[in-house]
Amino acid sequence: MHVSITEMERETYRKSPIHGIDGRIKILMTLAITIYVVALPRMETLNFTKLGILEAYLLLLLLFSKIELSHLAARFLIALPFGLGISILQPFLKQPFLNDFTIMYRLPMGVEVTNEGLLYGAIIFLKFFVCISAVILLSSTTSMSELVASARRLGLPKEMALLFTMMVRYLFVFWNMLGRIRTAQKTRCFEIWNRKVPRKWTLEQIGYTISSLFIRSYEQGERTYQSMLCRGYCADAHVYVDKKKLHITDFAVLAITFGVIIVTHIQAF
Amino acid sequence: MNIIEARNLTHVYRGKITALDAINFTARPGERIAIIGANGAGKSTLFKHFNGILKPTSGEILIKGKCISNENIIEVRKTVGVVFQDPDDQIFAPTVKQDVAFGPMNLGLSMEEIEKRVHESLETVRLTGFEERAPHHLSTGEKKKVAIAGILAMQPEVLVLDEPTAGLDPGGAIRLIKLINGMNRYLGITTIVSTHEVDIVPMLADRVCIMSKGKIIGDGTPLEIFSSPELIKKTHLRLPMVAQLMEMLQEEGVPVGVKFTLEEARDELLKVVK
Amino acid sequence: MHIPDTFIPLGQAAIYWIISILFIARAVKWARKDMNENMIPLFGVLAAGIFVLQTINIAASLLIPVPMFTGVSWHIVGAALTAIIFASPWAAVLLMTMVLAIQSLFGDGGITVMGANILNMGIIGGFIGYYTFIGLSKLSVKRPAAMFAGGWLSMLLPAIALSFELWLAGTFPLKQGVLLMGTFQGIAGIGEGLITVIVFGAIIKARPDIVNEGTHKKESTAKVAAVGIFALFGLAAAAPFLASGDPDGLQQTASLVVSSEINNMIAPITPLFPSYAIPGMGDAGKVAAIIIGFAAILIMWIGISRVIKKV
């Protein structure tokens with residue numbers, strides 16, 4: 001399963017109410033939800049309701065954002081493995097912050113499945129899932145350049161903003177460059193699983209591909225830097241980020257999100 | 001038998017942009033073909049179908065009478081070699097020799113055979129002695145030749161070149177055209193070249209296909225193609241400079257026929273002068 | 001090996017963030033001042049290149065020719081590589097930070113835990129990778145071998161650090177974590193080391209001016225020793241927890257944690273402290289014993305390098 005950055009960028013060009021929300025608001029929303037979820041206690045059954053509400057809210061927003069379902073599925077699939085792996089092992093582990101364990105099943109070789117482990121595994125997986133949903137909502141409805149500009153407006157230091165602005169600009173250039181390099185290699189029948197050639201040789205060719213991409217991006221950097229110097233770039237320079245007014249709807253969305261978090265927290269219904 | 005045959009070849013990018021629209025095209029062994037068209041006409045997309053880099057959305061493409069499949073893909077890429085526009089995309093190894101050996105290695109040939117092929121292909125493109133040079137220090141023209149040698153080393157029957165003269169100085173362009181013609185004449189390789197530089201077309205093709213908006217709208221000898229001005233106009237191209245001059249002379253009442261290459265034009269004008 | 005959100009509690013995640021921000025700030029300063037010219041634009045463009053070259057798949061079967069691994073692939077991280085090329089671990093810190101930030105948009109590594117990920121892959125990976133290379137070069141180890149070791153440790157040590165972070169977070173048991181992540185990254189590290197050597201060789205051939213070789217030679221032994229001591233202290237403090245009263249276990253993990261050469265060097269010293277403990281000092285004794293052991297190795301190491309230099 002693979003999602004290319006160009007596919008991701010394409011989704012961000014759609015038109016929807018969610019795409020229209022200011023980047024700053026979406027960054028703050030994502031941070032608020034993520035931090036709240038991470039801060040939830042480890043072992044509380046109430047978490048299920050809370051996480052359920054938040055996930056429902058995020059899915060609702062994703063629904064409004066008109067993102068292609070297949071794209072969403074792919075995004076979730078590539079993000080899941082590591083977290084899923086660690087969550088799945090939890091029922092078999094004795095969590096150090098717990099003292100009493102109720103054993104549900106005994107498996108061969110002394111492996112025991114505990115009630116508490118299962119609960120903890122389920123909660124941590126759901127928490128993880130909600131966080132992933134939040135970041136996918138953010139990154140599939142906001143283009144990378146908008147994200148960087150918004151981060152700058154939110155106070156990202158000017159050097160970091162310049163670094164990220166240039167990175168995002170050239171990400172697509174090098175992505176396409178790698179695509180063309182791969183095509184040219186395919187034309188000459190290169191295949192990393194090819195058994196007809198020595199493994200060392202294949203490894204070397206991959207190394208050369210990497211070094212050629214490295215040198216080409218280094219040289220692009222040199223040229224870009226020189227052209228920036230020609231236009232008066234100096235150490236105090238910073239990227240231009242236009243002032244953008246926040247609309248009533250933006251504040252409304254932010255308020256609703258915080259409202260959802262507060263309601264979720266006190267479960268006032 | 002046709003070496004390449006496209007039947008109703010259609011390619012639609014992302015379900016939206018039709019890059020190729022029901023193309024019918026054939027290439028017979030030994031032909032010299034130029035495919036001309038403005039930027040975005042679909043030339044590069046068509047070329048990527050010739051060796052199975054892209055799969056048709058509909059229609060089919062036959063290489064030596066066989067459909068491209070996973071089983072024969074290696075055979076197809078050995079038969080049809082594609083040289084892309086930017087040689088830096090193709091050349092990635094630290095030395096010229098290693099890069100030219102890349103294709104033959106992938107085919108699983110013996111070391112002696114690889115050595116032999118590298119030597120021969122570098123000889124063909126007149127780069128003998130460049131074996132240990134770093135591609136990085138080569139000129140654009142030399143890089144183009146290394147890229148061609150890299151494909152030649154796979155001993156293709158068809159050589160497809162995408163905008164081969166782009167970025168070359170006039171002298172380099174002429175040398176490259178001679179090289180392409182030489183490979184056609186002496187090695188019997190079918191050559192298919194895409195370009196929008198109409199002046200060079202009569203020099204490197206016996207047959208010209210005009211592409212516009214994903215369709216082939218004209219197919220014939222350079223004489224036939226350049227004799228239909230409305231076809232040329234439609235595609236944002238122009239007649240070769242020589243032909244334009246001859247046309248202007250005709251309008252002034254000079255009794256000359258329209259010619260497309262310098263040599264033909266010289267002979268035609270000499271007839272009038274003498 | 002990117003830690004996702006929720007696998008480290010907020011408080012601990014904040015500590016990792018603070019450490020990382022200090023390092024990032026220093027790295028930005030380095031890029032702006034320490035060079036003759038401003039490197040910020042160059043690094044902005046290069047970070048994009050590093051992100052893209054991290055998507056180049058390398059078949060796992062190239063390292064382990066087992067049919068089971070068909071279809072499994074990994075990719076290069078490049079912390080050691082970039083640090084060695086620019087002759088500074090700060091280059092790795094800056095580039096890895098940027099790459100990790102963009103990766104987190106893909107859900108690859110979390111937002112609250114980005115500090116931990118930067119700490120592991122950028123800071124530990126960059127510093128260990130670079131100073132292993134410099135230290136071994138000073139010991140007259142051949143360049144490819146020193147570079148391979150740097151690349152390998154730049155993968156292995158972050159995995160150990162990650163296991164400790166997850167253990168401190170209560171998310172994953174220590175021994176299993178070290179064994180699992182250590183094995184995984186130890187194998188991937190072989191690939192990282194090999195690729196680092198190949199890529200460096202190709203770059204220095206095409207653009208020798210990019211590589212700051214002069215700085216490699218000028219790097220002071222004190223700096224290497226400082227990083228070495230820091231890393232060894234970390235390992236020494238960590239080792240007893242792994243050993244947990246089981247000397248065999250310690251032996252086993254020591255060979256996992258430290259490269260086999262160092263392990264061989266420990267062997268003659270061990271009789272001094274039976275079971276890696278100073279009698280009558282309990283767990284603290286174990287820590288002390290190992291620190292003393294490592295310090296002894298370090299002194300020997302510096303001594304040997306002096307002798308080699310004179311000869």
Side-chain angles (χ1 to χ4, degrees), chain A residues 3-15 67-71 74 173-223, chain B residues 13-16 44-45 47-48 50-54 70 72-95 98-111 114 134-137 147 149-156 159-162:
Chain A
V3 178
S4 74
I5 55 169
T6 41
E7 279 167 44
M8 198 164 115
E9 192 72 359
R10 202 163 56 238
E11 292 298 325
T12 66
Y13 290 144
R14 285 175 191 278
K15 293 252 180 301
I67 297 165
E68 236 168 72
L69 222 61
S70 59
H71 176 80
V173 174
F174 298 140
W175 182 265
N176 293 333
M177 190 194 283
L178 178 62
R180 292 196 306 271
I181 292 175
R182 278 189 175 142
T183 304
Q185 290 185 340
K186 251 199 240 169
T187 295
R188 290 196 277 166
C189 303
F190 185 64
E191 168 61 66
I192 57 171
W193 316 104
N194 188 351
R195 295 239 175 104
K196 278 186 278 186
V197 292
R199 296 204 305 273
K200 179 174 169 277
W201 182 83
T202 306
L203 205 61
E204 269 171 3
Q205 305 313 306
I206 297 170
Y208 297 154
T209 312
I210 291 173
S211 44
S212 126
L213 196 62
F214 183 96
I215 292 173
R216 287 176 75 182
S217 33
Y218 184 94
E219 290 180 343
Q220 182 68 60
E222 283 180 322
R223 286 196 299 273
Chain B
Y13 281 113
R14 279 183 252 133
K16 278 180 209 144
S44 297
T45 308
F47 284 4
K48 283 179 186 156
F50 287 165
N51 69 348
I53 297 284
L54 289 180
N70 282 339
N72 67 4
I73 189 79
I74 299 285
E75 198 49 44
V76 165
R77 293 195 177 145
K78 226 166 85 179
T79 310
V80 183
V82 181
V83 180
F84 292 100
Q85 187 176 343
D86 185 352
D88 278 321
D89 293 333
Q90 185 181 319
I91 307 167
F92 67 95
T95 68
Q98 275 173 302
D99 195 86
V100 177
F102 180 73
M105 268 305 275
N106 289 325
L107 300 178
L109 301 173
S110 71
M111 277 308 171
I114 292 172
H136 195 78
H137 302 302
I151 299 294
L152 271 186
M154 297 172 79
Q155 300 190 340
L159 193 62
V160 179
L161 300 107
D162 198 356

Looking at every heavy atom in both [X] and [Y], which two are closest together, and how far apart are they?
X        : Y        : answer
B/Val82  : A/Thr187 : O-CG2, 3.5 Å
A/Arg188 : B/Gln90  : NH2-O, 3.3 Å
A/Arg216 : B/Asp88  : NH1-O, 2.9 Å
B/Asp89  : A/Arg180 : OD2-NE, 2.6 Å
B/Met105 : A/Val197 : O-CG1, 2.8 Å

- So which of A/Gly207, A/Cys189, A/Ser211, A/Ser212 has the largest heavy-atom pair count under 4.5 angstrom toward chain B? A/Cys189
- Query: Any idea which of A/Gln205, A/Glu191, A/Met177 has the most non-hydrogen atom pairs under 4.5 angstrom with chain B?
  - Reply: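 Going by pairs under 4.5 Å, I would pick A/Gln205.
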- Query: Side chain, backbone, both or neither: which part of B/Asp99 has an atom under 4.5 Å from a heavy atom of chain A?
  - Reply: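 Both the backbone and the side chain of B/Asp99 come within 4.5 Å of chain A.
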- So what's closer than 4.5 Å to chain A heavy atoms on B/Phe84: side chain, backbone, both or neither?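 Contact with chain A involves the side chain of B/Phe84 alone.
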- Message: With heavy-atom distances below 4.5 Å as the criterion, would you say the side chains of B/Asn106 and A/Trp201 are in contact?
- Response: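 Counting from C-beta outward, B/Asn106 and A/Trp201 do come under 4.5 Å.
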- Message: Between A/Ile215 and chain B, with a heavy-atom cut-off of 4.5 Å, which part of the residue counts as in contact: side chain, backbone, both or neither?
- Response: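 For A/Ile215, the side chain is the part near chain B, not the backbone.
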- Approximate separation, where rounding is to 0.5 Å, of B/Phe92 CZ and A/Ile206 CD1: 9.5 Å
- Hey, what do you get for OG1 (A/Thr183) to CZ (B/Phe47), rounding to the nearest 0.5 Å? 15.0 Å
- Which of B/Ala147, B/Gly103, B/Pro94 touches chain A most, by non-hydrogen pairs under 4.5 Å: B/Pro94
- Task: Check the surroundings of atom NZ in A/Lys196: do more than 12 heavy atoms from other residues, nucleotides or ligands lie under 6.0 Å from it?
- Result: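 Yes.
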